[in-house]
Amino acid sequence: THGVVHVGYILDMLRGAVATLGQPLRQVTKMRFDVALIVPEEDGVDVQLILQEQEQGFDFAFYGRPRKATEWTRHIKGHLDVTSTDNRLTDRDTSPANIRQHLPGPLPGALFYQGLEGRGVHLGASVQWVEEVWQDEGEALAKFRLPAEKEQVAEGFGLHPGIWDACAQLFHATLGADVAKDSVFMVTELGADTMAGMHGHPNVMWTEEYQAEFIRMYLETEATPDYVAGMQVRTFADYASLQSLMRVGGLKMRGVFSR
């Protein structure tokens with residue numbers, strides 16, 4: 001990974017941090033990478049993880065500082081949940097056996113990684129965990145190999161970081177056959193927080209008019225370049241977010257269809 005700390009290590013550090021507080025890591029609901037965290041071979045990097053407790057979990061931020069530097073740089077920030085559970089995990093219709101029945105496969109892991117190489121994704125052995133994969137456009141199920149003896153993690157350290165990274169690799173297994181091998185993907189957010197029923201002139205922040213103008217601007221911008229494949233509004237349904245300086249009243253009405 002050319003010294004870049006991959007997502008597997010980030011997730012395991014989060015899991016270990018909340019475990020010291022007596023909490024389980026249920027779900028990472030948001031993670032934004034500001035700057036790549038790179039550990040050069042010739043020198044080390046000090047990494048600082050800051051957790052700020054919220055009503056339903058923790059806000060987190062990773063900071064890095066080269067050993068010879070004095071300034072800290074924020075690399076990653078996000079939010080993790082320690083309370084929610086995903087009912088889909090216990091749904092019989094989404095059990096691995098049922099999924100395999102309607103997905104083509106299995107594709108051997110060696111061919112899966114050959115496909116990634118063809119897309120310019122070069123991965124080392126420590127993050128190649130996919131043994132078989134059943135895949136179709138928009139959906140994939142993978143079987144991971146068992147860890148080798150040298151890959152066994154010490155008690156209390158959770159999963160090998162390469163397993164977390166392999167989960168993220170399955171994004172490529174969900175791509176359609178018509179997606180060009182040299183395609184570049186960028187995921188970003190679209191939308192503006194809005195207080196239901198709040199209006200203003202001009203279109204100031206938190207008003208419904210501001211949200212409508214914000215989304216309209218993005219749609220018009222997206223229609224210009226030919227390299228953008230599509231766009232989906234991030235939130236179409238209402239849900240409550242955590243209260244903070246950026247989330248007025250918890251913003252329980254965030255869906256664009258409720259405006």
Side-chain angles (χ1 to χ4, degrees), residues 1-2 4 6-12 14-15 25-33 78 81 84-153 158-190 222 225-237:
T1 58
H2 307 285
V4 178
H6 60 71
V7 67
Y9 286 103
I10 300 302
L11 291 173
D12 200 54
L14 285 173
R15 184 209 60 78
L25 175 57
R26 300 289 189 187
Q27 185 179 19
V28 176
T29 57
K30 181 180 294 186
M31 183 183 294
R32 192 180 82 180
F33 292 82
D81 196 344
S84 67
T85 56
D86 192 339
N87 293 329
R88 292 175 299 174
L89 298 178
T90 58
D91 190 336
R92 293 183 179 179
D93 293 336
T94 56
S95 66
N98 286 334
I99 293 176
R100 285 194 292 265
Q101 290 181 2
H102 71 264
L103 288 179
L107 178 73
L111 294 181
F112 171 73
Y113 286 108
Q114 284 182 18
L116 291 187
E117 287 281 340
R119 290 188 176 276
V121 181
H122 309 290
L123 300 171
S126 66
V127 294
Q128 292 188 20
W129 287 78
V130 176
E131 186 174 83
E132 294 179 322
V133 59
W134 293 257
Q135 61 187 114
D136 203 353
E137 184 173 352
E139 185 177 8
L141 173 70
K143 175 185 177 183
F144 288 179
R145 61 176 174 83
L146 294 175
E149 183 176 354
K150 65 179 181 180
E151 294 172 327
Q152 298 285 348
V153 296
L159 298 173
H160 188 284
I163 295 179
W164 294 108
D165 192 270
C167 291
Q169 297 163 18
L170 293 180
F171 163 80
H172 297 276
T174 65
L175 299 178
D178 58 339
V179 177
K181 290 186 176 181
D182 59 351
S183 296
V184 178
F185 295 89
M186 179 179 67
V187 180
T188 186
E189 289 184 304
L190 165 62
E222 183 271 339
D226 56 6
Y227 54 79
V228 177
M231 183 178 295
Q232 178 179 347
V233 179
R234 177 172 174 262
T235 305
F236 72 91

query = Do Glu132 and Leu107 come within less than 4.5 Å of each other through their side chains, counting heavy atoms only?
reply = no
message = Glu139: which residues meet the side-chain contact (heavy atoms from CB on, under 4.5 Å) condition with it, sequence neighbours left out?
response = Ile99, His102, Leu103
Rounded distance [0.5 Å steps], CG in Asp12 versus CD1 in Ile163 = 9.5 Å
query = Going by heavy atoms in the side chains, are Met31 and Leu14 under 4.5 Å from each other?
reply = yes
query = Do Glu137 and Leu175 come within less than 4.5 Å of each other through their side chains, counting heavy atoms only?
reply = no
note = Hits for side chain to side chain donor-acceptor pair (under 3.5 Å) against Arg100, two or more places apart or cross-chain, chain-then-number order -> none
task = For the residue pair Tyr113 and Gln169, establish whether any side-chain heavy-atom pair is separated by less than 4.5 Å.
result = yes
key: Residues that Glu131 engages under salt bridge (Lys or Arg N to Asp or Glu O under 4.0 Å), provided they are two or more places apart   = Lys143
request  = Identify the heavy atoms of Ala166 and Trp129 that sit nearest to each other, and give their distance.
outcome  = CB-CB, 3.9 Å
ask   = If you take all heavy atoms of Leu123 and Gln128, which pair is closest and at what distance?
value = O-NE2, 2.8 Å
inquiry  = Please give me the minimum heavy-atom distance between Leu170 and Ala140, naming the atom from each residue.
reply    = O-CB, 4.4 Å
Distance, nearest 0.5 Å, that separates CG of Asn98 from CG of Leu141 = 11.0 Å
